[in-house]
Asks: 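I'd like to ask some things about the structure below.
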Amino acid sequence: MSGFARRLGGIPWREIAGEAFSRVFLVAQAFCAVHVVNAHVCSFALVMGPSMLPAMNLAGDVVAVDRVSARLGRVASGDAVLLVSPEDPRKAVVKRVVGMEGDAVTFLVDPGNSDASKTVVVPQGHVWVQGDNIYASRDSRQFGPVPYGLITGKIFCRNPGLSLYLYLSEPTFFYPFAPEFIEDGLHILRFL
């Protein structure tokens, strides 16, 4: 038997395999724990768009979402919530709860063009949601009251600096553009 074969025979393969298996199992447990916390307790989301101006930046804010409050029914009028879009179930949107079931909600039908208003009573098991920027938001004024079951979480913390950091920390030398300046929360890009 050659020296190489003797050296291979002397390696404790069972111990190495057992230790490798235990480490892989530990990593799998950690991923499962992170998934459960993210899906059922608390998660983070990047919110972008004009519908929640001025409360949230057009360029994006990182928000912390409490997923337990929605399940326990602890959502109230005035709360910003993350919900599944009633128009496109593949999208999640952030809106503010304006009315709970049984509330009478008065809203402007077409805020940009007229002062006509309408009053609606929110049915049982539904909420009325609107964006803070009524001129650039698709909300309950267009698609009606939203079933409470579409609410996936309540926003409890907003960090605009983190989203700006994440945006500016990207290595710009890999991209054909670089940030020129920031004005009113908008990223103005200069293309090279």
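Just so you know, residue 1 is the first one in the sequence shown, and it goes up from there.
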Asks: Show every salt bridge (Lys or Arg N to Asp or Glu O under 4.0 Å) that has at least one partner inside residues 15-44, sequence neighbours left out.
Replies: Glu19-Arg23

Asks: Around Phe44, counting heavy atoms of other residues, nucleotides and ligands shown, do more than 12 lie under 6.0 Å from its CZ?
Replies: no

Asks: Might you work through the side-chain contact (heavy atoms from CB on, under 4.5 Å) test for Val120 and Trp128, ending with a clear yes or no?
Replies: CA-CA 9 Å; Val120 174; Trp128 189 270; 3.9 Å; yes

Asks: Tell me if the CD atom of Glu87 is crowded by more than 12 foreign heavy atoms within 6.0 Å.
Replies: yes

Asks: Show the nearest heavy-atom pair for residues Gly99 and Val105, with the distance to one decimal.
Replies: CA-CG2, 4.0 Å

Asks: Test side-chain contact (heavy atoms from CB on, under 4.5 Å) on Val98 and Ser140; report intermediate values, then the result.
Replies: CA-CA 10 Å; Val98 176; Ser140 288; over 6 Å; no

Asks: Name the residue from His35, Arg71, Arg67 that meets the side-chain hydrogen bond (donor to acceptor under 3.5 Å, both in side chains) definition with His40.
Replies: Arg71

Asks: Residues two or more places apart in sequence or in another chain: which of them pass side-chain contact (heavy atoms from CB on, under 4.5 Å) with Ile16?
Replies: Ile11

Asks: With ILVMFWY side chains joined below 4.5 Å, transitively, what does Val146's cluster contain besides itself?
Replies: Val75, Val81, Leu83, Val84, Val93, Val97, Met100, Val127, Val129, Phe143, Tyr148, Leu150, Ile151

Asks: Is the side chain of Glu101 donor-acceptor paired with the backbone N or O of Gly125 at a distance under 3.5 Å, no angle test?
Replies: yes

Asks: If you round to the nearest 0.5 Å, how far is CG of Asp66 from CZ of Arg74?
Replies: 9.0 Å

Asks: Checking Asp115 now: which residues fulfil side-chain contact (heavy atoms from CB on, under 4.5 Å) with it, not counting sequence neighbours?
Replies: none

Asks: Please give the remaining members of the hydrophobic cluster of Val47, linking ILVMFWY side chains under 4.5 Å, ordered by chain and number.
Replies: Met52, Met56, Val63, Val65, Leu82, Val94, Ile155

Asks: Apply side-chain contact (heavy atoms from CB on, under 4.5 Å) to Ser51 and Lys95, showing your working.
Replies: CA-CA 8 Å; Ser51 72; Lys95 302 292 177 196; 3.3 Å; yes

Asks: Is a donor on one side and an acceptor on the other found under 3.5 Å between the side chain of Asp88 and the backbone of Ser85?
Replies: no

Asks: Provide the full list of salt bridge (Lys or Arg N to Asp or Glu O under 4.0 Å) pairs with a residue in residues 116-132, sequence neighbours left out, each pair given once.
Replies: Arg96-Asp132

Asks: Please determine if Arg158 and Asp61 form a salt bridge, counting it only when a charged side-chain N lies under 4.0 Å from a carboxylate O.
Replies: yes

